[in-house]
There are 2 protein chains.
Amino acid sequence: MKITAKGEYGVRAMATLALEYRAGPIPLREIARREGISHQFLEQIFLPLRRAGLITSVRGAKGGYVLAKAPEEIKIGDIVRTLEGPIAPVECVVEGKEESCKRSSACLTRGIWERLRDTVSAVLDDITLADVITSIDAP
Amino acid sequence: MKITAKGEYGVRAMATLALEYRAGPIPLREIARREGISHQFLEQIFLPLRRAGLITSVRGAKGGYVLAKAPEEIKIGDIVRTLEGPIAPVECVVEGKEESCKRSSACLTRGIWERLRDTVSAVLDDITLADVITSIDAP
DNA sequence: AGAAAACCGAGTGATTTAATCGGGATTGTA
DNA sequence: TACAATCCCGATTAAATCACTCGGTTTTCT
């Protein structure tokens with residue numbers, strides 16, 4: 001039940017962008033430096049985030065990345081799904097892919113994984129970047 | 001956010017044992033056959049489950065495995081933790097291992113993973129094998 | 001022009017996963 | 001007692017995944 005470095009770094013980087021929201025575009029190198037992440041790896045992470053419409057890029061000198069929406073409007077679930085694919089503890093409960101199980105007791109246990117999937121989804125969709133960056137104030 | 005085949009198979013196999021609780025020891029081969037799992041792989045899964053005290057074994061001919069406790073007393077969380085290690089979406093929120101993060105915004109995001117960890121734990125500890133095998137009745 | 005930055009596909013070494021292999025020890029039954 | 005069924009258990013392996021790195025191209029500011 002781990003998330004990958006891609007997901008973890010992605011959320012960290014997005015939190016950094018949220019902190020600098022309205023400060024103009026931040027270069028990827030700067031974020032990578034602050035977070036101690038390889039900037040080449042972070043490039044790989046920002047590509048899908050941009051394509052998903054979560055960040056916008058400014059090319060050329062003085063360019064960089066900005067959140068595409070206000071921190072209040074970006075859910076952690078959006079980031080995680082973009083970087084890790086659909087939230088589902090086992091393949092057979094991926095939403096959309098619900099082909100009925102052949103084995104009977106596989107289906108017995110299916111309810112567990114559906115419930116887990118929905119709970120995880122709900123938690124990650126309940127937290128926005130705004131919540132993350134204001135959590136300093138509320139201990 | 002996937003669990004491994006080990007975890008999934010383990011839960012399936014335990015559900016099978018729960019269905020046959022009080023029917024005497026069931027040979028591993030029989031469980032493997034029913035669930036379509038390699039019996040050699042299932043052996044690897046049953047070893048830690050036995051060492052964790054979740055199942056007991058009967059050696060020799062007519063031997064097999066039995067749940068060590070009633071289905072009501074075995075939580076899915078027990079099985080998953082035994083087979084997959086501690087429930088924690090990222091390394092730095094593994095319980096017991098809580099060394100404080102160095103990076104500031106890593107700690108900003110820490111709350112997310114703690115909340116996720118606790119929620120997942122709570123869901124898996126709320127479901128017992130008894131719940132799983134009786135879910136046929138309650139659609 | 002030149003530097004700074006985003007864009008992007010391909011490659012790579014290490015680790016993990018999902019098994020298999022090959023045997024040994026125990027016990028009920030003929 | 002033989003022997004078949006069963007659990008016990010470390011070692012090995014093939015494939016997949018992960019966490020990067022490489023080597024460039026394109027865009028834009030100064």
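Chain A is the first sequence line, chain B the second, and so forth, proteins listed ahead of strands; every chain is numbered from 1. Quantities reported herein were computed from a predicted structural model and do not represent experimental measurements.
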### Message
Run Arg34(A) and Glu20(A) through salt bridge (Lys or Arg N to Asp or Glu O under 4.0 Å) and show every step you take.
### Response
CA-CA 12 Å; Arg34(A) 278 204 225 174; Glu20(A) 304 296 333; 3.1 Å; yes

### Message
Measuring only between side-chain heavy atoms, which start at C-beta, is Tyr65(B) closer than 4.5 Å to Thr56(B)?
### Response
no

### Task
Please state whether the phosphate of dA19(C), meaning OP1 or OP2, lies under 4.0 angstrom from any side-chain nitrogen or oxygen of Tyr9(B).
yes

Using whole Å, report how far [atom1] of [X] lies from [atom2] of [N].
X	N	atom1	atom2	answer
Arg33(A)	dA5(C)	CZ	P	12 Å
Arg29(A)	dT21(D)	CZ	C1'	13 Å
Glu84(B)	dT17(C)	CD	C1'	11 Å
Ile26(A)	dA4(C)	CD1	C1'	15 Å

With sequence neighbours left out, write down each residue that passes side chain to side chain contact (heavy atoms under 4.5 Å, CB included) with [X], or none if nothing qualifies.
X	result
Ala130(A)	Pro71(A), Glu72(A), Thr128(A)
Pro27(B)	Glu30(B)
Lys62(B)	none
Val58(A)	Pro25(A)

Output one line per pair: protein atom, nucleotide atom from nucleotides 3-5 of chain D, and distance, for all N/O pairs under 3.5 Å.
residue, atom, partner, partner atom, Å
dA5(D), N3, Ala61(B), N, 3.4

### Task
Report yes or no: do Ser121(A) and Arg81(A) form a side-chain donor-acceptor pair below 3.5 Å?
yes

### Query
Among Leu19(A), Ile76(A), Leu54(A), Leu17(A), whose side-chain contact (heavy atoms from CB on, under 4.5 Å) with Leu129(A) holds?
Ile76(A)

### Message
Heavy-atom nearest nucleotide on DNA chain D for Leu28(B) versus Ile3(A): which residue maps closer to 5'?
### Response
Leu28(B)

### Query
Which letters describe nucleotides 8-18 of chain D, given B = protein heavy atom under 4.0 Å from base, S = only from sugar-phosphate, - = neither?
BB-B------S

